[in-house]
Chemist: 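The structure follows.
Quick caveat, the model's predicted, so the values are computed rather than measured. Chain letters run A, B, ... following the sequence lines, proteins first and then strands; every chain starts at 1. All values below were derived from every heavy atom in this structure, side-chain atoms included, with hydrogens, water molecules and symmetry-related copies excluded.
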Protein chains: 2
Amino acid sequence: MQMDERKRKILRAIVQDYIATAEPIGSRTIARKFDLGVSPATIRNEMADLEDLGLIEQPHTSSGRVPSDAGYRYFVDCLMDPQTVSDEQKEIIERESSKRIHEIQEVISHTSRLLSELTNLTSIVLGPQKGKSTFGKMHFLPYQPGQVILVIVKENGTVENHIVDIGENLTTDELQQVAAVFNQKMRGYSLSQVKRSLLHEIYDELSRQRLLIDNTLDMLREILDDNEQEERIYLGGTLNMLNQPEFKDLGKVKTLFKVFEENESLKKLLQPYQEGLNVTIGGENTLKEFKGCSVISATYKVNGLTIGAVGVLGPTRMDYGKAIAIVDFMTRSLTEILTKRR
Amino acid sequence: MQMDERKRKILRAIVQDYIATAEPIGSRTIARKFDLGVSPATIRNEMADLEDLGLIEQPHTSSGRVPSDAGYRYFVDCLMDPQTVSDEQKEIIERESSKRIHEIQEVISHTSRLLSELTNLTSIVLGPQKGKSTFGKMHFLPYQPGQVILVIVKENGTVENHIVDIGENLTTDELQQVAAVFNQKMRGYSLSQVKRSLLHEIYDELSRQRLLIDNTLDMLREILDDNEQEERIYLGGTLNMLNQPEFKDLGKVKTLFKVFEENESLKKLLQPYQEGLNVTIGGENTLKEFKGCSVISATYKVNGLTIGAVGVLGPTRMDYGKAIAIVDFMTRSLTEILTKRR
DNA sequence: TGTTAGCACTCTCTCTTAATGAGTGCTAAC
DNA sequence: GTTAGCACTCATTAAGAGAGAGTGCTAACA
């Protein structure tokens, strides 16, 4: 059995109507709402075929049909009209991103909020991968007696500061000297590279000041360890999920929000290592908690280098056309903003 | 009509049982569970009195009684056995706070998580009031051409960095000079004071370098504005609310979480300007969304100065004894940690 | 051969009704 | 002042009856 034009029309009708109403749809309703020029009985025959093909299914005998995961997949791949972001939405995005924003974190969290507001879905944004970014420069600043502020500038532009104990009183000059050596040796290396080999080299170079260096290495090691594990996830509009009829059951809400709380598993949803735009539908998802959800995700870049991913999460019954258009537009816009900053 | 010893015993029984079971409790059950030496009929008479006094109420005729807000209040003020934190819990807290933690934000968010885990309630922690903290020192560090990193150290110990445009190329020396003047003039002033009067003074002092100063003032003003509005709230264990039978209704969950999302109203819950430990029960709350909730809050200090507040939020039917003990212990512990850091 | 009308059948949803049970207030006896 | 007894109330639960939406199948039709 093959898909013909009429079957495609009917499948599209089912998907569109189900996305809009969240109710199983029957042959009679299709005939009434969509002008296909055939009677409900004919549509029924076609629907039986579509069910055999695995594209739609019945929640129970004698109810309407709903699209299966495979049905959504066919819809997304073959039936969907490519949509563009409306001018109104474009304007909102433009206006928001024209605000002067200083830190990269702010740009990201802004993006996250915007995504969820425009789609009425939950947004997931994976921040710049710290582990992959390379070391730029470090500075010491005075803080308390026995403590200094260590400011680290990475080559992707992020700036971090940490208070570190230096254990003994050191002069500003000595600190500058240490910083200078570190800066000279480490510039342009990824943090993991720094961690593995370079520290020893630096250690040799500065061996005259053993004690001072020991402390500096200690603090640096601590910071590097921190960074490698931490790769922040930004969530937005989690409450939008509660408006979906799919989550009118409190048990589902609980398990969903429990996953939201522990960020680790969310990273898997974004498939951050897959370039470009991706649509994951229902059961295609690896996490069992999200079998009933779909994810539209895409990666963003700085200077041609993929550094993170954004996505929206919603029930499989989501408006794919709209969501895809917005995610696509936002990643482009994000890439542009981040590139301009440099 | 007066409260006598037997009425007190019965009220305590009702409150304790209701806290434990979340079910309205009847005279028969009280007689069975609590050994008062009187029959259900006698208890019924007393309960009628307690209802007249407004301390308990009936959800509907012919159901058991539940404590009213006034009943909880009487229980908290007069009936409750003062509880202490168990050794087991103390150990958890000690172990957690012995971890080396660098930033004040980390200390706060740690506290928040701990509070919610120990109480199974939702924790609310109001971070140090930035508006009230006084300016310590500022530094400029090189960043990109045309941009510098502005590092601000406040006297409460927080360190912030911001990227600021300087619009034109300035030498390191010139920047140092500007920073020196700012540092000399501003040290020890609150940010709002700085904003109002001192800026003009600095402006006079450095009028030789108009352009440079204009930019510096612009960025500083921006940062000060930011800080004044931002006074971060840390929430923990919001999901614990979903386990409470009070929130088995999805509508309630929605409105509750909506309030959680916009932090502003949460600040009101903590009564951050009221020194010491506070218990707010049900309708005593100003926010209508929290009429069915109680809040235990307390302030914490650094160097004798109140700088923030922590609290737990739960249904009025919460274990007040335990919650009060933990909140009290945690604020003391927090005060101690923050004071030691200085 | 594809399309359509008709019809019996299935299954969910909702509304009604009845039974159960926990708990009360009142009265009268102790 | 305390208690036993009893009639009454009201939420909760289970069972049953329609109603409604939708299907699959058969037979007629173009």
Chemist: Ignoring hydrogens and geometry, is there a side-chain-to-backbone donor-acceptor pair from Ser68(B) to Gly54(B) under 3.5 Å?
Modeler: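 The answer is yes, because a donor-acceptor pair under 3.5 Å joins these two groups.
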Chemist: Is Arg317(B) reaching over with its side chain to a backbone N or O of Ile19(B), donor-acceptor style, under 3.5 angstrom?
Modeler: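 Side chain of Arg317(B) to backbone of Ile19(B), a donor-acceptor pair under 3.5 Å: yes, one is there.
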Chemist: Tell me, which of residues 11-20 of chain A have any heavy atom that sits under 4.0 Å from an atom in DNA chain C?
Modeler: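 None, since no heavy atom is under 4.0 Å.
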Chemist: 5' to 3' on DNA chain C, which nucleotides open and close the contacts with chain A (atom under 4.0 Å from a heavy atom)?
Modeler: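 Nucleotide range in contact with chain A: dT3(C) to dT12(C).
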Chemist: What parts of residues 34-59 of chain B reach DNA chain C, counting only heavy atoms under 4.0 Å away?
Modeler: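 The answer is Arg44(B), Met47(B), Gln58(B).
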Chemist: Could you list the residues that satisfy salt bridge (charged side-chain N to carboxylate O under 4.0 Å, His left out) with Lys90(B), not counting sequence neighbours?
Modeler: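 Counting only residues at least two positions away or on another chain, Lys90(B) forms no salt bridge (charged side-chain N to carboxylate O under 4.0 Å, His left out).
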Chemist: Between the main-chain N or O of Asn285(B) and the side-chain N or O of Thr280(B), is there a donor-acceptor pair closer than 3.5 Å?
Modeler: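 It does not hold such a pair.
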Chemist: Quick test of your reading: applying salt bridge (Lys or Arg N to Asp or Glu O under 4.0 Å), list the pairs with at least one residue in residues 79-89 of chain A, sequence neighbours left out, ordered by first then second residue.
Modeler: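 Checked against salt bridge (Lys or Arg N to Asp or Glu O under 4.0 Å) - neighbours excluded - no pair reaches residues 79-89 of chain A.
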Chemist: Which pairs pass ring-ring contact (aromatic ring centres under 6.0 Å, His included) with one or both residues in residues 26-85 of chain B, sequence neighbours excluded?
Modeler: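 As it turns out, the ring-ring contact (aromatic ring centres under 6.0 Å, His included) pairs with a partner in residues 26-85 of chain B, which skip direct neighbours, are Tyr72(B)-Tyr320(B).
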Chemist: Taking all heavy atoms of Ser294(B) and all of Gly282(B), pick out the closest pair and write down the distance.
Modeler: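 The answer is OG-N, 3.4 Å.
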Chemist: Report the stems of DNA chain C as range-with-range entries sorted by first number; a stem here is at least three consecutive pairs, Watson-Crick or G-U wobble, both distances under 3.5 Å, and write none if there are none.
Modeler: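 DNA chain C stems, ordered by first number: C:1-30 with D:1-30.
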Chemist: Who pairs with Asp319(B) by salt bridge (charged side-chain N to carboxylate O under 4.0 Å, His left out), at least two apart in sequence or on another chain?
Modeler: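 Result, salt bridge (charged side-chain N to carboxylate O under 4.0 Å, His left out) vs Asp319(B): none returned.
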Chemist: Go through the structure and list residues passing salt bridge (charged side-chain N to carboxylate O under 4.0 Å, His left out) with Arg28(A), not counting sequence neighbours.
Modeler: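 Residues passing salt bridge (charged side-chain N to carboxylate O under 4.0 Å, His left out) with Arg28(A): none at all.
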Chemist: Quick test of your reading of the model: are Lys252(B) and Glu246(B) salt-bridged, counting only N-O distances below 4.0 Å?
Modeler: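 No, no charged N to carboxylate O under 4.0 Å.
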Chemist: Closer than 4.0 angstrom, basic N to acidic O: yes or no for Arg8(A) and Glu5(A)?
Modeler: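 Yes.
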Chemist: Heavy atoms under 4.0 Å, any strand shown: does Arg28(B) hit a base, just sugar-phosphate, or nothing?
Modeler: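 It contacts nothing in the nucleic acid.
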Chemist: So for atom NZ, which belongs to Lys9(A), do other residues, nucleotides or ligands contribute more than 12 heavy atoms lying within a distance under 6.0 Å?
Modeler: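 Open: at most 12 neighbouring heavy atoms sit under 6.0 Å from NZ of Lys9(A).
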Chemist: In whole angstrom, give the distance that lies between atom NZ of Lys33(A) and atom P of dG22(D).
Modeler: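 Result: 10 Å.
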Chemist: For Thr238(B) and Thr122(B), does a side-chain donor sit closer than 3.5 Å to a side-chain acceptor?
Modeler: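 There is no such pair between these side chains.
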Chemist: Please list each protein N or O that sits under 3.5 Å from an N or O in nucleotides 16-20 of chain D, with the distance.
Modeler:
none

Chemist: Once side-chain contact (heavy atoms from CB on, under 4.5 Å) is applied, do any residues pair with Arg6(B), and if so which ones, sequence neighbours excluded?
Modeler: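 Counting only residues at least two positions away or on another chain, Arg6(B) forms a side-chain contact (heavy atoms from CB on, under 4.5 Å) with Asp4(B), Ile10(B), Val38(B), Thr42(B), Glu46(B).
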Chemist: Among residues two or more places apart or on two chains, list those pairs meeting salt bridge (Lys or Arg N to Asp or Glu O under 4.0 Å) that have a residue in residues 64-75 of chain A.
Modeler: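 The answer is Glu51(A)-Arg65(A), Arg73(A)-Asp77(A), Arg73(A)-Glu284(A).
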